[in-house]
Amino acid sequence: MRPSIVIVGAGASGSMAALRASSLGADVTLLSSSEPIRSNSAFANQGVCASLPKNGDSIDGYADDIIKNSRGMANSECVRAMCEASGDVLGFLVRMGMSFDATCEGGLKAFDCVGSSRPRLYRRHSITGNRIMTLLMGQIARQLSQGRMKTVYGWEFISPIVDDAGVVRGVVAIDARNMEVRAFRADAVIMCTGGYASLFAKSLCSRMSDGSAMMSCYEKGASIVNPEFIRMNPFGIECFGGFTAVPDALICANSNAFTKDGESRNYIEGDTANLTYDDFPSSMYLDMSDVDLGMIERYFDKDTDFMLSASETFSAEDAIALEKCVHASSGGLHIDDKHATTLNGLFAAGDMANDVYGATALAGNDLTASLFGGHVSAKFAVEYAHGIAKSSSEATPSLFEKAVEAVEDANTMFASGDGTENARLLSRQLAMFMYDNLCDGQGASHLNASRMDFVRLSERSHKLSLVDRSEWANDEIINLRRTRRRAELSDLIYQAIIKREGEDASDDVPGGDSKDSLAYVTKVNHSAEGARFDFAKKV
Amino acid sequence: MEMFLMKIRRQDDPEGLPYWEKFEVPHEFGMTVARALESIGELIDHSEVSGVSPVCFDHACNKGVCGSCTMLINGKVALACKTRIDDLSSPITVSPLTKFSVVRDLKVDRDRLADAFEKCMLWVELDDYELRSVDVEGAASGDAVDYEGCVMCGACLEACPQVSDRSAYIGAYAFGNMMAFCNTPHGKRDEDVRLAHAAERGGVSDCAGVMNCERVCPSGIELSKAIGTLNFKSMAGSLRRYFRG
């Protein structure tokens, strides 16, 4: 009997998980709100990190760099496993047909990245993520043409379906076009919906990465780890309506970063702490005039072209004004060494999970971590699905009917509610508030002062109203649901920072670069009375 | 506050009749069309019945890399997130792509773009999906990225006079993707099979050489060069086959 696996999210980790699970003989459904090419992974312009022994690199050196930069937030065993596989991840991309930038002699060009002891970033100009997702899409098309998997794009994930025994039996999702609510049965579910960086204004991520899927898993019983940690990137530049980051490889190629007072900051040697925490100055400039023009032409022409066309403040001669941006979220669903969350049958990989991802302070690690995470989680999910006593096809139909009904009822309730708040406006205001108050490194005392403002803002999420009540392609219902989740997650982050201070667990956060500088791990569980925080000593 | 006028062509569902709606939008510094469309939804006052509903359109990245927000802006196909309001002449008109069926307002059904993968077999026949150590040195490519970076926005189809309901022509993006694929060592292996696919009905030979695709491509892919190269390759292939008997 083929186990059925539903994979939610079609980014790098989701696509990879779907391919591996289908090749392992599972009946795979890849459910996503958009195609792989439009996922957040496709915007990864930094490159892929890998340690190639041939280049004189060692696994230990790579792992040490990651652990040092993650300030002990990463699970060192997971990091080691990823580092060992990183060369093979690169190999897999090459097998799929990926090409990378070459040195003048024609060998693979390894780029430097901030915080890394040696060059191990492999790039294809500024389109590494786009190329990888295109190739993954090709492989998905191949599996589809051979009838080995199904894809359901354009569906919004609502929540996992959990039976009375606390086992996940599938997911319920809504079609963004005809608004049909449907339950998808599954023996195991892998969540690959990415992080929640777009909860903050000035985020480098897609607006879809808002953690709403993570919150619905949390509500059903999956615990979240370290939600209050996000990774900042001081090298953001404003482009069009969004933000993008100057690639690390370009920064390391003789660019000079300096503050308004002219104080020079060398981000290549030793000053890496600034990337993870907030102690870098708010107004910074980058001067690229010392970068070899030949090098720019050869490797960075797309990046610089893009920055030129995108940013009103960018010019090749003058220094660029940099913005401090939110790069990625470090927290996520708690997973064990088999990628299983605390909910039976629910697995997580990529930015969604908190294993290696907390470690992605190094540029390019995010793609490696997502591809590797997706790959291994698929194996564990298939193994789990083979081992369960009762498959989801034997589960009572009423379980799925009830799940669908609950979503439909909630939709009706939203439509008939008497709220007066605009969900779109609120989620924007919330993002601005979160960025202004949480990303400035002022600590918990400042947060206590702004607590009331936050409560007033987040309470508005209970009074959202729906102006659009049509039953066709109603983005407003989806947006309303997402906004509520955003408010819940923002609240969770707020509480976690304040409680961490109260637990005296805060002094371990900044400072120091020892392996275990983060001695406490925040674990959050859902309960009827609200969030239950647990600051466990890290072992 | 400075306001500007936006005329948006809306449609409630695929069968519904299209209609134009005018919006007065407050101007923001560096505002793009995507941001303006977003702000229409944000500015609706929910405490009173206004009868205005937010404009439905696809967008995700807001920086021109996800290819979601392609639409006709002042009659020209462009990504809404890369088009600044200040660069447009007033009044600004925004309408959905015409080569795809409208889902709602500016949101169109672009599912068929994924067909290129199957039609041109844009994949390597991998034996398995396991991670194992292989030689990666061969993947180093000194070539410029002439053909890579397609975001599947559909602009090349919109601008192409050959693409219509009654034509089988797949569109230039497929050939850009194909060339990007054929240029890699692993992609070269089954080049003949892919070329044969590309030469079928609806393939490269249906291109009329208008070259609009290259002009509108937001990623700057050299599509006409891709089509030319593929045409040459498939022609050379068939001559070779002819003389060899």
Side-chain angles (χ1 to χ4, degrees), chain A residues 19-20 23 34-35 37-38 42-43 52 85 87-92 94-102 106-109 124-125 127 130-131 134 137-139 141-142 145 177 206-208 239-242 244 302 310 312 375 419-422 424-425 428 465 467-468 470 472-473 475-476, chain B residues 12-13 30 32 34-35 38 41-47 50 52-54 56 59-68 81-82 84 103-104 107 111 114 117-118 122-126 128-129 131-134 136-142 145 148-152 177 181 183-187:
Chain A
L19 291 172
R20 177 114 192 264
S23 78
S34 58
E35 298 98 326
I37 193 82
R38 316 210 193 283
F43 322 152
L52 298 179
D88 300 347
V89 169
L90 200 71
F92 181 79
V94 172
R95 279 168 63 206
M96 282 202 303
M98 181 81 186
S99 48
F100 291 99
D101 286 351
L108 267 192
K109 166 90 180 162
R124 183 64 182 148
H125 290 246
I127 48 169
N130 172 290
R131 285 303 297 153
T134 311
M137 247 179 122
Q139 291 296 333
R142 175 190 177 214
S145 73
R177 286 187 193 172
S206 152
R207 69 181 192 99
M208 310 302 268
C239 71
F240 305 115
T244 190
K302 280 224 166 189
E312 308 228 314
H375 192 263
T420 52
E421 292 293 340
N422 182 338
R424 284 177 184 272
L425 185 65
R428 188 172 175 80
S465 84
V467 278
D468 183 356
S470 64
W472 176 262
D475 280 357
E476 299 313 295
Chain B
D12 293 339
D13 53 66
T32 60
R35 173 72 199 116
E38 250 180 14
E42 283 170 14
L43 291 171
I44 295 172
D45 186 355
H46 284 227
S47 57
S50 60
V52 183
S53 68
C56 182
H59 63 306
C61 73
N62 277 342
K63 49 190 172 188
V65 279
C66 75
S68 302
C81 68
K82 275 176 107 170
R84 287 215 172 78
V103 174
R104 186 176 176 180
K107 183 178 178 152
D111 289 354
F117 288 100
E118 203 172 337
L122 296 178
W123 58 70
V124 174
E125 294 287 343
L126 294 181
D128 56 56
Y129 289 100
L131 298 180
R132 57 190 140 78
S133 107
V134 289
V136 292
E137 249 346 275
S141 159
V145 280
E148 296 166 36
C150 174
V151 293
M152 301 235 167
N177 272 308
F181 200 73
N183 272 351
T184 66
H186 284 72

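Just so it is clear: chains get the letters A, B, ... in the order the sequence lines come, proteins before strands, and each one is counted from 1.
Only the backbone of A:E421 has a heavy atom closer than 4.5 Å to any heavy atom of chain B. Residue contact with chain B, scored on non-hydrogen atoms closer than 4.5 Å, involves the backbone and the side chain of A:L425 alike. Contact annotation for A:T134: both backbone and side-chain heavy atoms come within less than 4.5 Å of a heavy atom of chain B. Using a 4.5 Å cut-off between heavy atoms, B:R132 contacts chain A through both its backbone and its side chain. In this structure, the portions of B:C61 lying under 4.5 Å from any heavy atom of chain A include both its backbone and its side chain. Only the backbone of B:D12 comes within less than 4.5 Å of a heavy atom in chain A; its side chain stays farther off. For A:R131, the part lying under 4.5 angstrom from a heavy atom of chain B is the side chain only. Contact of B:S133 with chain A is made through backbone and side chain together, with heavy-atom distances under 4.5 Å. Both the backbone and the side chain of A:M96 come within contact range of chain B, with heavy atoms under 4.5 Å apart. Interface remark: B:A60 contributes backbone and side-chain atoms alike to the contact with chain A (heavy atom separation under 4.5 Å).
Checking side-chain atoms of B:R104 against main-chain N and O of A:D475 turns up no donor-acceptor pair under 3.5 Å. Formation of a donor-acceptor pair under 3.5 Å by the A:N130 side chain with backbone atoms of A:I37 is not found in this model. When atom types are taken as modelled, the side chain of B:H186 and the backbone of A:V94 share a donor-acceptor pair closer than 3.5 angstrom. Judged by distance alone, the side chain of B:W123 and the main-chain N or O of A:M137 form no donor-acceptor pair under 3.5 Å. Remark: the backbone N or O of A:L108 is paired with a side-chain donor or acceptor of B:E137 at under 3.5 angstrom. Proximity of a side-chain donor or acceptor of A:R207 to a complementary backbone N or O of B:H59 within less than 3.5 Å is detected.
When side chains are defined from C-beta on, B:Y129 counts as touching A:Q139, because their heavy atoms get closer than 4.5 Å.
Ranked by heavy-atom pairs shorter than 4.5 Å toward chain A, the options B:N177, B:V134, B:V145 are led by B:V145. Residue with the most contacts toward chain A among B:T184, B:V136, B:V124, B:L131: B:L131 (heavy-atom pairs, distance under 4.5 Å). Between chain A and the options B:A34, B:G149, B:G67, heavy-atom pairs under 4.5 Å are most frequent for B:G149. When each of A:G242, A:G419, A:A42 is checked for heavy-atom pairs under 4.5 Å with chain B, A:G242 comes out on top. Ranking B:S68, B:C56, B:S53 against chain A, the residue ahead of the rest is B:S68, based on heavy-atom pairs under 4.5 Å. Per-residue counts of heavy-atom pairs under 4.5 Å with chain A were compared for B:V65, B:L122, B:N183; the largest is that of B:V65. The candidate from A:E476, A:H375, A:E35 with the greatest count of non-hydrogen atom pairs under 4.5 Å with chain B is A:H375. In terms of heavy-atom pairs under 4.5 angstrom with chain B, the leader among A:R177, A:H125, A:M98 is A:R177. Of the listed residues (B:S50, B:A114, B:G142, B:C81), the greatest number of heavy-atom pairs within a distance under 4.5 Å of chain A belongs to B:C81. Annotation: maximal heavy-atom pairing with chain B below 4.5 Å, among A:A102, A:G91, A:A85, A:S23, occurs at A:A102.
Here the shortest heavy-atom pairing between A:S99 and A:R124 reads O-CD, 3.2 Å. Residues B:N62 and B:E38 share a closest heavy-atom pair of ND2-OE2, 3.8 Å.
Rounding to the nearest 0.5 Å places CZ of A:R38 at 9.5 Å from CZ of A:F43.
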(request) Start with the C-alpha distance between A:D88 and A:R95, add both sets of side-chain angles, then the distance that settles salt bridge (charged side-chain N to carboxylate O under 4.0 Å, His left out), and finish with yes or no. (result) CA-CA 10 Å; A:D88 300 347; A:R95 279 168 63 206; over 6 Å; no

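Of the options B:D45, B:L43, B:I44, a side-chain contact (heavy atoms from CB on, under 4.5 Å) to A:N422 is made by B:I44 and by none of the others.
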